[in-house]
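Below is one structure, written out as structure tokens; comments come after it.
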Amino acid sequence: MAGQRHAFILGGTGQIGRAVARDLLAAGWSVTFSHRGHRPAPRDLIEQGARVVTLERDRDELARTLGSGADALIDTTAYNRDHASQLIAVQASIGCFVVVSSASVYRDQLGRTLDEAAETGFPDLPDPIPETHPTVDPGPTTYSTRKVALERHLLDAASPPVTILRPCAIHGPNSRHPREWWLVKRMLDRRSAIPLAHRGTSRFHASAVANIAAVARIAAETPGSRVLNIADPDAPTVAEIAAHIARHLDYQGRIVAVDAPDDSPLIGRTPWSVPRPFVLDCRTAGSLGYVPATSYADAAGAMCGWLVEDAANGDWRQRYPVLAAYPWDHFDYETEDAFFRNHGASGVRHP
């Protein structure tokens, strides 16, 4: 089709890449997505016309694969300054870059971030956090310092416009880090009560892959150099997340608000459990014309359905390695039951 815009996606078989490809195809773009060959290419995207290439992350190979270039290169797998350099090396054939970073880059006045929260304490950040809030310094030390190094190098050295996306707790099908599994597995295991630390009031903003895809498309259609927070239009509490999932799975047990004593700090500790809010201000994306594709409540059904089906295909620890790498046992039911026996808790049945 004459004049059709072309997007090249790095990381096209991951959960973000699939969602971005699907959104762009629906909007009339032609799409090429790359992957390393570790996952099957999504059949539905190929049937919709997407082209698939197998590509290891290498500067020369990327240049060869790009050929005549792309109107937008969308990178979902960039993590450090070297990855930024790889993009800059092919910039002559690119109309604009859209690169996924992370909201973990924000720091508080004491320099605390999500990366070191277990050692230094959870950061005390504004609610919500704007893109102008200070970040950690760039460097090789942590996930967040490497992400800032990526951001800074692209924004400083790239000639085409660069949009940096900062999502928070990413959710959606095809995840290797499905936080919802903490709740879904308990419900499938028919636990009579599910404890929630901090009385279920924690707010750790979630970012649906459909919303990340929608803002990535807006960024590609209106190129500019900027940083955009991207999260769902609502920031539900953990108790609200649990209620959404309970409704989708028809869970009839109790959702229990817990004030765990100091000797039981892990009781009810979900992947969203934080002592202070971590919520993003996404108004800048809205000013560009971005309209959220979904809310957490609306997206939860598809996530639950995918998890129930996918988890049946093998050991969850192998299927969800990022979640399995947490430094505590997510499903220590014996300790959980002992807590209920020894301490008791006030239960609040879900709506």
Side chains of V98 and L165: closer than 4.5 Å at any heavy-atom pair? yes
Please report the shortest heavy-atom distance between A210 and A19, naming the atom on each side. N-CB, 4.5 Å
Side chain to side chain donor-acceptor pair (under 3.5 Å) partners of residues 58-71, not counting sequence neighbours, each pair once: none
Between the side chain of D281 and the main-chain N/O of P130, is any donor-acceptor distance below 3.5 Å? no
Are V52 and L55 connected, step by step, through hydrophobic side chains (Ile, Leu, Val, Met, Phe, Trp, Tyr) whose heavy atoms are closer than 4.5 Å? no
Hey, what's the ring geometry for F278 with F122, parallel, tilted or perpendicular (30° and 60° as the breaks)? perpendicular
For E336 and R186, what are the C-alpha separation, side-chain angles and deciding distance, and is it a salt bridge (charged side-chain N to carboxylate O under 4.0 Å, His left out)? CA-CA 12 Å; E336 207 167 273; R186 282 172 165 78; 2.8 Å; yes
Can we say R203 and D127 salt-bridge, meaning some charged N sits less than 4.0 Å from an Asp/Glu carboxylate O? yes
Of all heavy-atom pairs between A41 and I46, which one has the smallest distance, and what is that distance? CB-CD1, 3.9 Å
Can you tell me if T163 uses its side chain to pair, donor with acceptor, with the backbone of G224 under 3.5 Å? yes
Look at R199 together with D259 and state whether they make a salt bridge at an N to O cut-off of under 4.0 Å. yes
Mind checking whether I241 and W306 sit in one hydrophobic cluster, side chains of I, L, V, M, F, W, Y counted as touching below 4.5 Å? yes
Atom of P123, atom of D108 and distance for their closest heavy-atom approach: CA-OD2, 3.3 Å
Could you tell me whether R43 and E47 make a salt bridge, using a distance below 4.0 angstrom between a side-chain N and a carboxylate O? no
Rounded to the nearest 0.5 Å, the CG atom of D310 sits from the CG atom of N174 at a distance of 7.5 Å
Does N313 form a side chain to side chain contact (heavy atoms under 4.5 Å, CB included) with R319? I'd like the steps, not just the answer. CA-CA 9 Å; N313 294 324; R319 302 195 70 77; 3.7 Å; yes
Say whether, by atom type as modelled, one donor and one acceptor occur between the side chain of R146 and the main chain of P140 under 3.5 angstrom. yes
Hey, are the side chains of V209 and H171 touching, using non-hydrogen atoms and a 4.5 Å cut-off? no
Identify whether I212 and L10 are in the same connected component of the hydrophobic contact network (ILVMFWY, side-chain heavy atoms under 4.5 Å). no
For the CZ atom on R22, are there more than 12 heavy atoms of other groups (residues, nucleotides or ligands in this structure) within a distance under 6.0 Å? yes
Does V99 belong to the same Ile/Leu/Val/Met/Phe/Trp/Tyr cluster as I218, with side-chain heavy atoms less than 4.5 Å apart forming each link? no
Of all heavy-atom pairs between L196 and A242, which one has the smallest distance, and what is that distance? CD1-CB, 4.2 Å
Closest contact, heavy atoms only, A297 versus H248: O-NE2, 3.6 Å
Gap separating the CG atom of L154 from the NE2 atom of H83, nearest 0.5 angstrom: 11.5 Å
Rounded to the nearest 0.5 Å, what's the gap from CG on L288 to CG on L228? Could you check? 5.5 Å
Can you find a pair of side-chain heavy atoms, one from S295 and one from D232, that are under 4.5 Å apart? no
If you measure from CD on Q252 to CG on D250, what distance do you get to the nearest 0.5 Å? 4.5 Å
Would you be so kind as to tabulate the donor-acceptor pairs closer than 3.5 Å made by side chains of residues 25-33, with sequence neighbours excluded?
residue : atom : partner : partner atom : Å
S30     : OG   : R5      : O            : 3.4
S30     : OG   : H6      : ND1          : 2.9
T32     : OG1  : H6      : NE2          : 3.3

List the steps, then state whether side chain to side chain contact (heavy atoms under 4.5 Å, CB included) holds for I16 with T77. CA-CA 9 Å; I16 298 176; T77 59; over 6 Å; no
Any V105 side-chain heavy atom under 4.5 Å of T113 side chain: no
Electrostatic pair D75:R57 at N-O distance under 4.0 angstrom: yes
Any donor-acceptor pair under 3.5 Å from N342 side chain to A338 backbone: yes
Does any donor atom in the side chain of S102 or R166 lie under 3.5 Å from an acceptor atom in the other side chain? no
Checking side-chain polar atoms at under 3.5 Å, does R112 have a donor or acceptor matched by the opposite partner on T120? no
Nearest atoms (heavy-atom pairs only) where H177 meets L323: CD2-CD1, 3.8 Å
Is there a donor-acceptor contact under 3.5 Å from the side chain of Q15 to the main chain of G172? yes
Any Lys/Arg nitrogen of D189 or R191 sitting under 4.0 Å from an Asp/Glu carboxylate oxygen of the other? no
Would you check if there is a donor-acceptor pair between the side chains of S273 and T270 at a distance under 3.5 Å? yes
P167 backbone acceptor or donor facing S207 side chain under 3.5 Å: no
Heavy-atom distance under 4.5 Å between the side chains of L125 and H133, does that happen here? yes
State whether the side chain of R107 and the backbone N or O of T135 hold a donor-acceptor pair below 3.5 Å, judged by distance alone. yes
Is it the case that the side chain of E240 and the backbone of T237 share a donor-acceptor pair, with hydrogens and angles ignored and the cut-off at 3.5 Å? yes
Describe, in one word, how the ring planes of H244 and Y296 are oriented to each other, choosing from parallel (under 30°), tilted (30 to 60°) and perpendicular (over 60°). tilted
Indicate whether the side chain of H205 and that of N229 have a donor and an acceptor atom separated by less than 3.5 Å. no
Are C304 and V184 packed together at the side-chain level, in the sense that at least one heavy-atom pair is separated by less than 4.5 angstrom? yes
Say whether, by atom type as modelled, one donor and one acceptor occur between the side chain of T335 and the main chain of D332 under 3.5 angstrom. no
Are side-chain heavy atoms of L150 and N80 found at a separation under 4.5 Å? no
Distance-only, no hydrogens or angles: does the K147 side chain make a donor-acceptor pair with backbone N or O of V100 under 3.5 Å? yes
Check the angle between the aromatic planes of W316 and W181 and answer parallel, tilted or perpendicular using the 30° and 60° thresholds. tilted
Out of curiosity, does I164 fall in the hydrophobic cluster containing Y143 (side-chain heavy atoms, cut-off under 4.5 Å, transitive links)? no
Donor + acceptor pair across side chains of S85, H153 (<3.5 Å): yes
Do L73 and L87 come within less than 4.5 Å of each other through their side chains, counting heavy atoms only? yes
Nearest 0.5 Å, what's the OG-OH distance between S144 and Y106? 11.5 Å
Measure the OG1-CG distance between T141 and D137 for me, rounded to the nearest 0.5 Å. 10.0 Å
